[in-house]
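This report concerns only the one structure given below.
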There are 2 protein chains.
Amino acid sequence: MALRPVTRRSVSDQVFDQLLDEVVDGELPAGEPLPSERRLAEVLGISRPAVREALQRIAQTGLVEVRQGGATLVRDFRRAAGLDLLPRLLVRGGRLDTSIGRSVIEARAEVGPGIAALAAERGGPALAASLDGVTETMAATIDPVEWQVLALDYWDLLVDGADSMVFRLMYNSLRAAYEPALPALAAVLADEVGQVEPYRLLTAAVRAGDAATARAAAARVLTPTADTLLSAFAAMGDDR
Amino acid sequence: MALRPVTRRSVSDQVFDQLLDEVVDGELPAGEPLPSERRLAEVLGISRPAVREALQRIAQTGLVEVRQGGATLVRDFRRAAGLDLLPRLLVRGGRLDTSIGRSVIEARAEVGPGIAALAAERGGPALAASLDGVTETMAATIDPVEWQVLALDYWDLLVDGADSMVFRLMYNSLRAAYEPALPALAAVLADEVGQVEPYRLLTAAVRAGDAATARAAAARVLTPTADTLLSAFAAMGDDR
DNA sequence: CGTCCCAACTGGTCTGACCACTTGACCACA
DNA sequence: TGTGGTCAAGTGGTCAGACCAGTTGGGACG
């Protein structure tokens with residue numbers, strides 16, 4: 001029998017999730033005041049410190065604004081939230097939001113080549129050698145999930161090579177959104193497993209320090225996945 | 001006389017900032033355990049709930065990992081943190097980190113044209129009309145700071161037009177990093193005030209729905225600023 | 001030598017109290 | 001009429017001390 005690790009979620013975790021969902025779903029409209037901490041504690045049947053911890057975390061993400069003496073106000077997350085919110089938006093209530101998914105793919109297609117270009121300028125042969133290592137492993141992989149993990153590792157190295165903190169943090173945020181859905185996505189992308197040639201071309205461009213070629217090669221690495229996923233999203237959207 | 005609003009920072013705010021700085025500065029190396037909550041409370045002379053609120057917020061940003069029963073561990077923020085951390089990294093201890101600043105400029109140059117292209121595809125004449133409004137105001141502006149604010153407003157509209165949640169959140173994060181430094185940057189960029197023509201060309205491309213032209217026009221809007229800032233950063237770096 | 005168990009940590013939660021601040025209503029005074 | 005002062009009620013901020021729940025490591029026991 002397939003046992004899975006039990007997940008014990010703390011009280012404040014659960015409150016955090018509930019509040020976040022309500023804000024994101026618009027059940028708590030922007031500008032609206034939240035119930036007071038005491039009231040929330042009473043309604044939820046928990047203590048005030050637990051409520052406060054959840055609220056502080058919500059405030060940390062920019063979804064609410066708490067002011068001493070006044071009420072805690074809901075903010076418009078579209079304007080106030082940062083990229084860290086992405087994982088929560090991408091999969092909501094166990095379902096993948098295809099319009100968010102589409103924008104992830106678009107952003108990936110836009111940002112990826114730029115990262116590759118910077119990596120080609122700055123990474124040099126040392127980076128290319130590391131990339132070779134991952135590529136070789138990919139060539140020997142037939143499991144779709146493992147393939148996706150290796151692809152992420154490849155990009156991880158590339159991002160390191162780009163030597164840009166902003167792209168590194170962007171990558172972290174995108175990866176955090178991507179990973180929970182990885183098993184599901186891997187199934188859709190099973191046909192790509194074994195297509196190492198685009199990666200090899202990209203690595204070659206990095207080794208040569210040729211930014212323009214790397215940019216084009218990165219686009220060729222990303223395009224098949226993007227096309228597959230976009231059409232899959234479109235099919236899912238039609239279901240409704 | 002120029003009065004400014006007094007800033008009262010809560011105890012947990014201060015603890016949050018202290019811990020965050022220590023992690024980012026590497027004084028608390030990744031993998032290292034944090035002192036226990038009780039110990040922190042004792043050392044800092046505050047109560048445990050205050051410490052906990054700060055720790056929960058730190059954990060929310062991915063900088064530490066807290067486990068019941070075990071110690072709270074510091075994580076490598078380069079791998080665990082998301083783009084929301086950027087403002088904290090860009091200006092640290094009141095000083096602007098030029099290497100982070102450089103990567104912000106690079107990312108902007110990379111992402112901006114992509115946003116413009118999407119906006120051209122999806123925004124249409126309605127978006128162009130809004131953009132015109134901002135551009136007209138810019139043409140009548142001579143104050144450098146106000147100019148920068150309007151430039152941000154222009155991009156804000158463009159991001160809306162791109163109709164992409166990922167780019168929206170990226171923009172929010174970048175803007176959050178950008179805005180605190182805006183007055184200082186505005187002084188460096190004073191020469192650009194009044195250069196509305198690139199914006200007009202970009203708006204025209206959006207109105208025409210011409211993605212390729214919009215992409216190029218966006219690059220032309222961004223390049224002068226990027227060059228100016230990068231050389232300013234280089235000069236600052238030389239000071240050391 | 002391996003196994004088990006327990007004590008001493010850790011974080012998680014609760015209670016109830018008090019402080020600091022904001023808000024709005026009310027009132028006195030110009 | 002409006003200006004400022006006062007006050008009570010409600011909000012978030014902080015504290016203390018206690019107990020629950022999970023982890024860890026070492027020592028007793030087989």
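Note on naming: letters A, B, ... go to the chains in the order of the sequence lines (proteins, then strands), and numbering restarts at 1 for each one.
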Discussion item. For A:Thr225 and A:Glu192: C-alpha separation, side-chain torsions, deciding distance, then whether side-chain hydrogen bond (donor to acceptor under 3.5 Å, both in side chains) applies.
Written reply: CA-CA 8 Å; A:Thr225 310; A:Glu192 286 182 22; 2.9 Å; yes
Discussion item. Does this structure show an ion pair linking B:Arg175 with B:Asp153, if we count only N-O contacts that are shorter than 4.0 Å?
Written reply: yes
Worksheet item: With a 4.5 Å limit on heavy-atom distance, are the side chains of B:Leu152 and B:Leu182 in contact?
Response: yes
Discussion item. Treating A:Arg75 as the side-chain partner and A:Glu65 as the backbone partner, does any N or O pair qualify as donor plus acceptor under 3.5 Å?
Written reply: no
Item to complete: Among A:Leu85, A:Leu86, A:Asp84, find the residue that satisfies the side-chain contact (heavy atoms from CB on, under 4.5 Å) test when tested with A:Ser173.
Response: A:Asp84
Practice prompt. Extract, from 5' to 3' on DNA chain C, the first and final nucleotides lying under 4.0 angstrom from some heavy atom of chain B.
Written response: C:dT10 to C:dT22
Discussion item. Is there a side-chain contact between B:Ser10 and A:Gln68 in this structure, where contact means two heavy atoms from C-beta onward sitting under 4.5 Å apart?
Written reply: no
Discussion item. I'd like to check A:Arg9 versus A:Asp17 (side-chain heavy atoms, cut-off strictly below 4.5 Å). Are they in contact?
Written reply: yes
Discussion item. Strictly distance-based, threshold 3.5 Å: is any side-chain N or O of B:Arg122 a donor or acceptor partner for the main-chain N or O of B:Ala162?
Written reply: yes
Worksheet entry | For DNA chain D, the residues among residues 48-55 of chain A that have a non-hydrogen atom under 4.0 Å from it | A:Arg48, A:Arg52
Fill in: Axis deviation across the helix from C:dC1-D:dG30 to C:dA30-D:dT1, five-pair ends, to the nearest 10°
10°
Worksheet item: Is a side-chain donor or acceptor of B:Asn172 paired with a backbone partner of A:Arg78 at a separation under 3.5 angstrom?
Response: yes
Discussion item. I'd like to know if A:Asp160 and B:Arg79 make a salt bridge, using a cut-off of under 4.0 Å between side-chain N and carboxylate O.
Written reply: yes
Response to the item:
What residues 62-71 of chain A contributes to the DNA chain D interface at heavy-atom separation below 4.0 Å is A:Val66, A:Arg67, A:Gln68, A:Gly69, A:Gly70
Worksheet item: Taking OP1 and OP2 of D:dG12, is either one under 4.0 Å from a side-chain nitrogen or oxygen of B:Ser10?
Response: no
Discussion item. What residues from residues 28-42 of chain B pass a heavy-atom cutoff of under 4.0 Å to DNA chain D?
Written reply: B:Arg38
Worksheet item: Under 6.0 Å from the six-membered ring centre of B:Phe233 and within 45° of its axis: does the NZ or CZ of B:Arg102 meet both?
Response: no
Fill in: Of A:Ile115, A:Asp156, A:Asp163, the residue whose pairing with A:Arg168 passes side-chain contact (heavy atoms from CB on, under 4.5 Å)
A:Asp156
Worksheet item: Checking B:Tyr171 side chain against B:Trp155 main chain: does a donor-acceptor pair fall under 3.5 Å?
Response: no
Fill in: Non-hydrogen side-chain atoms of A:Leu89 and A:Phe77 separated by less than 4.5 Å
yes
Practice prompt. Quick one: list whatever passes salt bridge (Lys or Arg N to Asp or Glu O under 4.0 Å) with A:Asp97, sequence neighbours left out.
Written response: none
